[in-house]
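Position 1 is the first residue of the sequence, and the numbers go up from there.
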Amino acid sequence: MNNREINEKKRFLEALKLRSDIKVLRYLGGGNKGEAYLLEDGKMLKITIDGEEFSTAMKLKNRKSKHIIDIYDGWKFECVYDEEYSDILFAIIEEFLDTTSKKEMIVNFVSVFKHTWFSIYFSDIEPKRNATFDDLDEYMRHPQKHPQAINVTKQYVVNEGAKYNLKDEFECFYNQLACAYVELYHNAPNSHLDLNDGNIGFTSDSVLKVFDMQ
């Protein structure tokens, strides 16, 4: 094993010391901030260095939301790699979502969605110099305050979806993502939706859900 694999295994073993009841089926993958494992009960164990993500996850724990990933449990732990190096890490047990079957559609949708808001709406329709994702959060969290913005951007996204022969799918994605923004704000007002195609998945009933909020 290389150093990364050795450290992943150490983190995994340390995380499970506090939860001997957890049964892991397989490793799902890893990234810059951590690793994920499929559990025997169909849930997912995520080990991360991201304290903000953990904090948001704990605010969402046991709060059932239609378009936000379900969070079941979480804990903090320390992993000692050697005498000079250790990490404070976080474990989160959450819902396992399908992130692959609609991947191409979601990649295209998120690209169009961002382009619509930042290169069309905030650029030409209601100009905001150096608009940020905080501005987008404000509009999506409070659709009743910004009905024109929602209607205009939604129509543009739907029209762009038609070019991919995905008009109905893009409309459905927009509606569900809009609900996710509102649900996240309601349950964790100071948190933010990290909008990228890698943070959107689907339940077995094809309901869109977002995850890895901060």
Joint hydrophobic cluster, M58 plus F211, side-chain heavy atoms closer than 4.5 Å: yes
E94: salt bridge (Lys or Arg N to Asp or Glu O under 4.0 Å) partners, not counting sequence neighbours: none
Mind checking the CE-CG spacing from M140 to D135? Nearest 0.5 Å is all I need. 13.5 Å
About how many Å separate NZ of K23 and OG of S20, when rounded to the nearest 0.5 Å? 7.0 Å
State, to 0.1 Å, how close F54 and W75 come at their nearest heavy-atom pair, and which atoms those are. CE1-N, 3.5 Å
Point-to-point distance, once rounded to the nearest 0.5 Å, from CG of N7 to OH of Y81: 5.5 Å
With a 4.5 Å limit on heavy-atom distance, are the side chains of E8 and Y27 in contact? yes
Side chains of I125 and T153: closer than 4.5 Å at any heavy-atom pair? no
Minimum heavy-atom separation for A149 and Y139, please, with both atom names. CB-CD2, 3.5 Å
Is there a path of hydrophobic side-chain contacts, each under 4.5 Å between heavy atoms, that joins L60 and L195? yes
Could you tell me whether Q144 atom CD has more than 12 heavy atoms of other residues or ligands within 6.0 Å of it? yes
Min side-chain heavy-atom separation L177-V210 under 4.5 Å: yes
Quick check on the 6.0 Å ring-centre criterion: do F202 and F173 meet it? yes
Counting only heavy atoms not in D124, do more than 12 fall under 6.0 Å of its CG? yes
My understanding is that only one of V112, T116, V157 makes a side chain to side chain contact (heavy atoms under 4.5 Å, CB included) with Y174; could you say which? V157
More than 12 non-hydrogen atoms from neighbouring residues, nucleotides or ligands closer than 6.0 Å to CG on D134, yes or no? yes
So, do Y185 and H142 have ring centers that fall under 6.0 Å from each other? yes
Any link between L28 and L39 through a network of hydrophobic side chains (Ile, Leu, Val, Met, Phe, Trp, Tyr) touching at under 4.5 Å? no
Does a side-chain heavy-atom distance below 4.5 Å link D98 with S204? no
Passes side-chain contact (heavy atoms from CB on, under 4.5 Å), D50 versus Q214? Steps please. CA-CA 9 Å; D50 193 333; Q214 297 181 339; 2.8 Å; yes
Within a radius of less than 6.0 Å around NZ of K167, do more than 12 heavy atoms belonging to other residues, nucleotides or ligands occur? no
What pairs with K103 under salt bridge (Lys or Arg N to Asp or Glu O under 4.0 Å), at least two apart in sequence or on another chain? D197
Between D70 and R63, is there a side-chain N and carboxylate O pair less than 4.0 Å apart? no
With heavy-atom distances below 4.5 Å as the criterion, would you say the side chains of K66 and V207 are in contact? yes
Looking at D212, L208, I69, which one forms a side chain to side chain contact (heavy atoms under 4.5 Å, CB included) with I200? L208
Please round to the nearest 0.5 Å and tell me the distance separating atom NZ of K128 and atom CD of E138. 8.0 Å
Without swapping roles, check the side chain of D87 against the backbone of L89 for a donor-acceptor pair under 3.5 Å. no
For the atom pair NZ (K102) and CG (N108), what is the distance rounded to the nearest 0.5 Å? 14.0 Å
Please step through side-chain contact (heavy atoms from CB on, under 4.5 Å) for the pair E104 and V107, ending with a clear verdict. CA-CA 5 Å; E104 185 176 352; V107 168; 5.7 Å; no
Roughly how far, to the nearest 0.5 Å, is the CD1 atom of I106 from the OG1 atom of T100? 12.0 Å
Candidate pair I92 and M44, rule side-chain contact (heavy atoms from CB on, under 4.5 Å), full reasoning: CA-CA 8 Å; I92 305 169; M44 186 175 78; over 6 Å; no
side-chain hydrogen bond (donor to acceptor under 3.5 Å, both in side chains) between Q155 and N151, intermediate numbers included: CA-CA 6 Å; Q155 190 58 56; N151 291 335; over 6 Å; no
With heavy-atom distances below 4.5 Å as the criterion, would you say the side chains of D137 and H192 are in contact? yes
Same hydrophobic cluster for I93 and F96, using side-chain heavy-atom links shorter than 4.5 Å among ILVMFWY? no
Check the pair L97, T203 against side-chain contact (heavy atoms from CB on, under 4.5 Å), reporting the backbone distance first and the verdict last. CA-CA 6 Å; L97 299 173; T203 68; 4.1 Å; yes
Nearest non-hydrogen partners of V80 and S86, listed with the distance: CA-CB, 3.9 Å
Can you give me the closest heavy-atom contact between H67 and C179, atom names plus distance? CD2-CB, 3.4 Å
Note: E183 and I68 closest approach over all heavy atoms is OE1-N, 3.6 Å
Has E126 got more than 12 heavy atoms of other residues, nucleotides or ligands less than 6.0 Å from its CD? yes
Flag the pair L16 / L45 as yes when at least one side-chain heavy-atom distance between them is below 4.5 Å, and no otherwise. yes
Residues in ring pair (Phe, Tyr, Trp, His ring centres under 6.0 Å) with F118, at least two apart? F122, F133
Between E14 and R11, is there a salt bridge with N-O shorter than 4.0 Å? no
Check whether I150 and L193 end up in the same hydrophobic cluster, where Ile, Leu, Val, Met, Phe, Trp and Tyr are linked by side-chain heavy atoms less than 4.5 Å apart. yes
Going by atom types alone, do E171 and N175 pair a side-chain donor with an acceptor below 3.5 Å? no
Is there a side-chain contact between H115 and I120 in this structure, where contact means two heavy atoms from C-beta onward sitting under 4.5 Å apart? yes
Scanning both residues in full, the closest heavy-atom pair of E53 with K46 reads OE2-NZ, 2.8 Å
